[in-house]
Amino acid sequence: MGGGIGRLFQIALLLLATFSTQAIGQAAAAEVVRVGVLKFGTVSWELDTIKRHKLDEKHGITVDVQEFAGEDATNVALMAGAVDVIVSDWLWVSRQRATGIDLTFVPYSTAVGAVMVPPDSPIKNLGDLTDKKIGVAGGPLDKNWLLIQAMAKKDYSRDLAKTNTIVYGAPPLLTEKVQQRELDAVLNFWNYCARLEAKGFRRLTGGQEAAAALGASGPIVALGYIFHEAWGKAHPSAIDGFVAASADAKALLESSDDEWKMLAQMLRGDESEQKVMRDRYREGIPKRPPAEAEKDAETLYSVLATIGGEELVGPSKELMPGTFWGAD
């Protein structure tokens, strides 16, 4: 009897050791996804949610967040292989593909910038923008700026760049300048527009309205997670796990106000600003299939190529195949 119990005990120990070894092996097998982000960028909200709820572990990966001071630095890091994933737009991805670099894109957000004016401004639409001083974030080749220019020409026969004084600058600086009434209007990134909206500024029109006026059938994707196609194919569980973790984080941020309280320090600003940013983030969660988003990107690409030329889109006059990961 005692010998039988001893043998059972030995078997139990063997099974326990086997299961422990398997668990250690599975933990060791979790792939690390290195994500390069701007230090104070909005993408950090989602990544913080992923890490806080261990959504990466849930999907069999480990997200390693690496912060950079500027967008150029994240681009360089991706090209050099220092990170696996960054955030940028499909226009840049297509341009890189046209030069033989195998980048590809997973939709992250449809939130885009808008033209904002002071609450008491007499400006009612793009047609009223003549002989005005307009601040533009992102530079002369910013995608939203080009789309809004095209919309103004189409709907109001206005050449905004020629009939106004255009001031290019960093989003925080332009936000201050328009509040100080040194600018008549400002085209800013969506999160800075949200801050202005909380202070009573009016939203004149935005990138989404411009895209619709130029042929888009639904909300256009503004930004996405970008990685090398070869890396995605070599690490399918890593990219699938990351996309799934991102979707879970978005679901939490869309449904729970408490999640936003946890992000308060990252959001900065007062409570009213944080509330508007929360609402605009939620509106920007992509809902459409990648194939539909890609089709609209193709439509807008031809418009942007006409306006911005090779300096903007590179050598290709059409959106490069494979720009959207898994859209086919």
Side-chain angles (χ1 to χ4, degrees), residues 30-52 55-57 59-109 111-113 137-139 141-143 170-172 189-192 221-247 249-250 263 266 284 286 297 311-316 319-320 322-326:
E31 291 196 70
V32 176
V33 179
R34 301 167 299 168
V35 185
V37 297
L38 299 182
K39 189 170 184 179
F40 299 109
T42 60
V43 182
S44 297
W45 308 345
E46 183 172 301
L47 296 176
D48 182 80
T49 304
I50 287 175
K51 298 301 292 183
R52 189 157 25 86
L55 300 175
D56 51 349
E57 295 178 23
H59 292 287
I61 61 170
T62 299
V63 169
D64 175 19
V65 180
Q66 300 186 21
E67 296 181 335
F68 294 87
E71 185 176 355
D72 288 343
T74 65
N75 296 348
V76 170
L78 179 65
M79 295 299 196
V83 297
D84 304 309
V85 178
I86 64 170
V87 171
S88 192
D89 62 34
W90 44 263
L91 198 62
W92 185 68
V93 171
S94 180
R95 178 170 184 157
Q96 298 307 312
R97 290 185 74 88
T99 62
I101 300 173
D102 70 332
L103 298 186
T104 189
F105 175 102
V106 170
Y108 160 72
S109 176
V112 294
L141 294 179
D142 176 75
K143 183 167 75 271
F189 297 162
W190 77 265
N191 49 319
Y192 289 93
V221 172
L223 297 172
Y225 286 114
I226 294 169
F227 51 94
H228 286 278
E229 185 176 346
W231 177 83
K233 289 180 177 178
H235 302 273
S237 59
I239 190 59
D240 288 348
F242 181 72
V243 171
S246 170
K250 282 184 171 69
L263 296 173
M266 299 181 72
E311 186 179 359
L312 174 68
V313 301
S316 178
L319 187 76
M320 290 294 292
T323 295
F324 280 66
W325 173 261

Which donor-acceptor pairs under 3.5 Å do the side chains of residues 59-74 make with protein atoms, sequence neighbours left out?
{"residue": "His59", "atom": "NE2", "partner": "Asp248", "partner atom": "OD2", "Å": "2.7"}
{"residue": "Asp64", "atom": "OD2", "partner": "Gln66", "partner atom": "NE2", "Å": "3.2"}
{"residue": "Glu71", "atom": "OE2", "partner": "Ser88", "partner atom": "OG", "Å": "3.4"}
{"residue": "Thr74", "atom": "OG1", "partner": "Glu71", "partner atom": "O", "Å": "2.7"}

Side chains of residues 224-235: which donor-acceptor partners sit under 3.5 Å, not counting sequence neighbours?
{"residue": "Tyr225", "atom": "OH", "partner": "Glu46", "partner atom": "OE2", "Å": "2.8"}
{"residue": "His228", "atom": "ND1", "partner": "Asp102", "partner atom": "OD1", "Å": "2.9"}
{"residue": "His228", "atom": "NE2", "partner": "Leu78", "partner atom": "O", "Å": "3.4"}
{"residue": "Glu229", "atom": "OE1", "partner": "Arg97", "partner atom": "NH1", "Å": "3.0"}
{"residue": "Glu229", "atom": "OE1", "partner": "Arg97", "partner atom": "NH2", "Å": "3.0"}
{"residue": "Glu229", "atom": "OE2", "partner": "Lys233", "partner atom": "NZ", "Å": "3.0"}
{"residue": "His235", "atom": "ND1", "partner": "Glu31", "partner atom": "OE1", "Å": "2.6"}

Go through the steps for Trp92 and Asp89 under the test side-chain contact (heavy atoms from CB on, under 4.5 Å), then give the verdict.
CA-CA 6 Å; Trp92 185 68; Asp89 62 34; 3.5 Å; yes

Stepwise side-chain contact (heavy atoms from CB on, under 4.5 Å) test for Leu263 and Arg52
CA-CA 11 Å; Leu263 296 173; Arg52 189 157 25 86; 3.7 Å; yes

In sequence, state the C-alpha distance, the side-chain angles, and the governing distance for Phe189 and Thr42, and then conclude on side-chain contact (heavy atoms from CB on, under 4.5 Å).
CA-CA 11 Å; Phe189 297 162; Thr42 60; over 6 Å; no

Walk me through whether Ile86 and Asn75 qualify under side-chain contact (heavy atoms from CB on, under 4.5 Å).
CA-CA 7 Å; Ile86 64 170; Asn75 296 348; 3.3 Å; yes

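Ring planes of Phe324 and Trp90: tilted class, angle from 30 to 60°.
The minimum heavy-atom distance linking Ala245 with Ile50 is given by the pair O-CG1, 3.7 Å. In terms of heavy-atom proximity, Pro286 sits nearest to Ser109 at CG-N, 3.7 Å. When all heavy atoms of Leu91 and Leu312 are compared, the pair lying nearest together is CD2-CD1, 3.5 Å.
Of the possible polar contacts, none joining the Arg95 side chain to the Ser316 backbone as a donor-acceptor pair under 3.5 Å is found. Within the 3.5 Å criterion, the main-chain N or O of Gly322 finds a donor-acceptor partner in the side chain of Thr104.
Contacts of Arg34 classified as side chain to side chain donor-acceptor pair (under 3.5 Å), with partners at least two apart in sequence or in another chain: Asp84.
Expressed to the nearest 0.5 Å, how far OG1 of Thr323 lies from CZ of Phe105 amounts to 9.5 Å. Lys250 contributes atom NZ, which lies 12.0 Å from atom CG of Leu55 (distance to the nearest 0.5 angstrom).
Within the 4.5 Å cutoff, no side-chain heavy atoms of Val83 are placed close to those of Val35.
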